[in-house]
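Have a look at the structure below, then the notes.
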Amino acid sequence: AKTRGLNMISPYEQRMTERLKQRTLLEEELRFALERKQLSLHFQPQFELKSGKLKGFEALLRWHHPELGAVSPDEFIPIAEETGLIVPIGQWVLRSACETMQRILPLCPSSTIGVNISALQLIPEQFPDMVLETAMLTGLPLDRLELELTESELMTSLDSAQEQLTRLSEAGVRLALDDFGVGYSSLNYLRKLPFHRVKIDRSFIQDIGTSKDDELAEAIIRLVRQLHLDVVAEGLESYDQLMRLQEWGCDIAQGYLLGRPMPESELHAFIARNTTS
Ligand code: C2E
Ligand code: CA
Ligand code: CA
Ligand code: CA
């Protein structure tokens, strides 16, 4: 075999090295993101399809780095999870989301705030206490808070998740199964855990009208409704999709068609435009 000099690395190796460098950089920078106040939340509206009423918001984390610019959650959330940084970051997200919701609740009294929760956050047994305490400190009524969990998250330890989520549910906190349909054994979770609603993953909604697979979206909606749970469609982008979802009895929709994620500063005006008195 030929030997290669150090300066003769293959394009593949070069790409891997670049990726590794980028990752290491992000990881180092993420450690300071909280204290340097680079994190913020955006809020995406959710509407009830039957009435057209504004029903809630999902809090979505944003990272703006002074040199790197906006880093996508799909890029930094996995790093936050692998490093354990998601625990303090997740606490900050919950706290800020509750604070914002508490401020806008008078404008939109029957709405809820959805907060994404990662697996690692569920590992410490104090998780339910932390959630209840945060809601109490911010004054947000527990039934205005909705935790969004994915299946992969619950998989790590179903028993302890079951215990913690039951406790929260009994206290009045709402629970949503996120990204439904893309993982596996979802049905098992629906049976075992006290969910109030199910969020159908964007990939199914985007198939509506464009792929023969859109029967899957319809079947999922029917199934979830038969279990007496609310169905939320995420990633709604077209009127065509909206009409079909309405026809199929989907309860709530969220997507660019109805509103993009926005900072709290824009929420007041958005709510004013979308509520009738
Ligand atoms: P997700 O929980 O499935 O959130 C929905 C994602 O879809 C968001 O992406 C949202 O901006 C995007 N979206 C909403 N409507 C549309 C649409 O009509 N079209 C398209 N193409 N996209 C739409 P985002 O904000 O980039 O977040 C990506 C993922 O990062 C989230 O997916 C969630 O898993 C995770 N994430 C975001 N914030 C947090 C957080 O505070 N904590 C945790 N643990 N994860 C978070
Ligand atoms: Ca979510
Ligand atoms: Ca999620
Ligand atoms: Ca999703």
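We count ligands from 1, going down the list as the structure has it; atoms in each ligand are counted the same way.
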Below 4.0 angstrom from a heavy atom of Ser118, which ligand 1 atoms are there? Numbered from 1 as shown, please. 44 (N)

So which of the N, O or S atoms of Glu234 lies nearest the Ca ion (ligand 4)? OE2

Select one of side chain, backbone, both or neither to describe which atoms of Leu41 lie under 4.0 Å from any atom of ligand 1, heavy atoms only. neither

N or O pair under 3.5 Å between Ile86 and ligand 1: no

Path from Trp248 to Met243 over hydrophobic side-chain contacts below 4.5 Å: no

Lys50 versus Gln246, side-chain donor and acceptor atoms under 3.5 Å: no

Looking just at side-chain N and O atoms, do Gln44 and Gln254 make a donor-acceptor pair shorter than 3.5 Å? yes

Show the atoms of ligand 1 that are less than 4.0 angstrom away from any heavy atom in Glu58. 2 (O), 4 (O)

Heteroatom test (N, O or S) for Glu58 near the Ca ion (ligand 2), limit 3.0 Å: yes

Using distance alone, determine whether Gln254 and ligand 1 share an N or O pair under 3.5 Å. no

Polar side chain donor-acceptor pair, Ser10 to Glu13, under 3.5 angstrom: yes

According to a hydrophobic-cluster definition based on side-chain heavy atoms being under 4.5 Å apart (Ile, Leu, Val, Met, Phe, Trp, Tyr only), do Leu107 and Leu54 belong together? yes

For ligand 1, which part of Lys199 has a heavy atom less than 4.0 Å away: the side chain, the backbone, both, or neither? neither

Could you list which atoms of ligand 1 come closer than 4.0 Å to a heavy atom of Val93? 41 (O)

Structural part of Ile77 in contact with ligand 1, heavy atom criterion under 4.0 angstrom: side chain

Contact atoms of ligand 1, heavy-atom distance to Asp179 under 4.0 Å: 3 (O)

N/O to N/O below 3.5 Å, does that happen between Tyr256 and ligand 1? yes

Whether over 12 other heavy atoms sit under 6.0 Å from Glu163 CD: no

Does only the side chain of Asn116 get under 4.0 Å from ligand 1, or the backbone, or both, or neither? Count heavy atoms. both

Pair Glu125-Gln164, side-chain donor/acceptor within less than 3.5 Å: no

Ligand 1 atoms in contact with Pro261 (distance to a heavy atom under 4.0 Å): 11 (O)

Measure from the Ca ion (ligand 2) to each N, O or S atom of Asp179 and report whether any distance is below 3.0 Å. no

Is there a donor-acceptor contact under 3.5 Å linking the side chains of Gln206 and Glu237? yes

Cut-off 3.5 Å, side chains only: do Ser238 and Asp240 have a donor facing an acceptor? no

Side chain to side chain donor-acceptor pair (under 3.5 Å) assessment of Ser51 paired with Glu48: CA-CA 6 Å; Ser51 63; Glu48 185 174 65; 2.5 Å; yes

Which atom, counting only N, O or S, brings Asp178 closest to the Ca ion (ligand 2)? OD2

Scan side-chain atoms only and decide if Glu29 and His65 contain a donor-acceptor pair under the 3.5 Å cut-off. yes

Of the backbone atoms (N, CA, C, O) and the side-chain heavy atoms from C-beta on, which set of Arg260 has a member under 4.0 Å from an atom of ligand 1: side chain, backbone, both, or neither? neither

Please could you name the atoms of ligand 1 that Glu237 approaches to less than 4.0 Å, counting only its heavy atoms? 17 (C), 18 (O), 19 (N), 20 (C), 21 (N)

Taking distance alone, with no angle check, do Glu81 and ligand 1 share an N/O pair under 3.5 Å? no

Using a heavy-atom cut-off of under 4.0 Å, does the side chain or the backbone of Gln241 touch ligand 1, or both, or neither? neither

Taking 3.0 Å as the cut-off, does Asn116 contribute an N, O or S atom near the Ca ion (ligand 2), distance below it? yes

Starting from the Ca ion (ligand 2), look over the N/O/S atoms of Glu148 and name the nearest one. OE1

So which heavy atom on Leu61 is nearest to which on Trp92, and how close? CD1-CZ3, 3.8 Å

Co-membership, hydrophobic cluster, residues Met262 and Val93, 4.5 Å side-chain: yes

Gly90 near ligand 1, heavy-atom distance under 4.0 Å? no

Which is closest to atom 28 (C) of ligand 1 in terms of heavy atoms, Leu94, Leu257, Val115, Asp74? Asp74

Under the criterion side chain to side chain contact (heavy atoms under 4.5 Å, CB included), which of Thr138, Leu168, Leu140, Thr112 is the partner of Leu145? Leu140

One residue to check: Arg202. Relative to ligand 1, which of side chain, backbone, both or neither has a non-hydrogen atom less than 4.0 Å away? side chain

Of all N/O/S atoms in Asp201, which lies nearest to the Ca ion (ligand 4)? OD1

With heavy atoms under 4.0 Å as the rule, classify the contact between Ile89 and ligand 1 as side chain, backbone, both or neither. neither

Stepwise side chain to side chain contact (heavy atoms under 4.5 Å, CB included) check, Ile86 with Gln121: CA-CA 7 Å; Ile86 194 67; Gln121 294 178 263; 4.3 Å; yes

Is any NZ, NE, NH1 or NH2 atom of the basic residue among Arg23 and Glu27 found under 4.0 Å from an Asp or Glu carboxylate oxygen of the other? yes

Heavy atom under 4.0 Å from ligand 1: found in Glu234's side chain, backbone, both, or neither? side chain

Atoms of ligand 1 close to Leu60 [distance to a heavy atom under 4.0 angstrom, numbered from 1]: 4 (O), 8 (C), 10 (C), 11 (O), 25 (O), 37 (C), 38 (N)

By number and element, which atoms of ligand 1 are closer than 4.0 Å to a non-hydrogen atom of Gln44? 14 (C), 15 (N)

Do Glu264 and Arg103 meet the salt-bridge criterion of a basic N to acidic O distance under 4.0 Å? yes

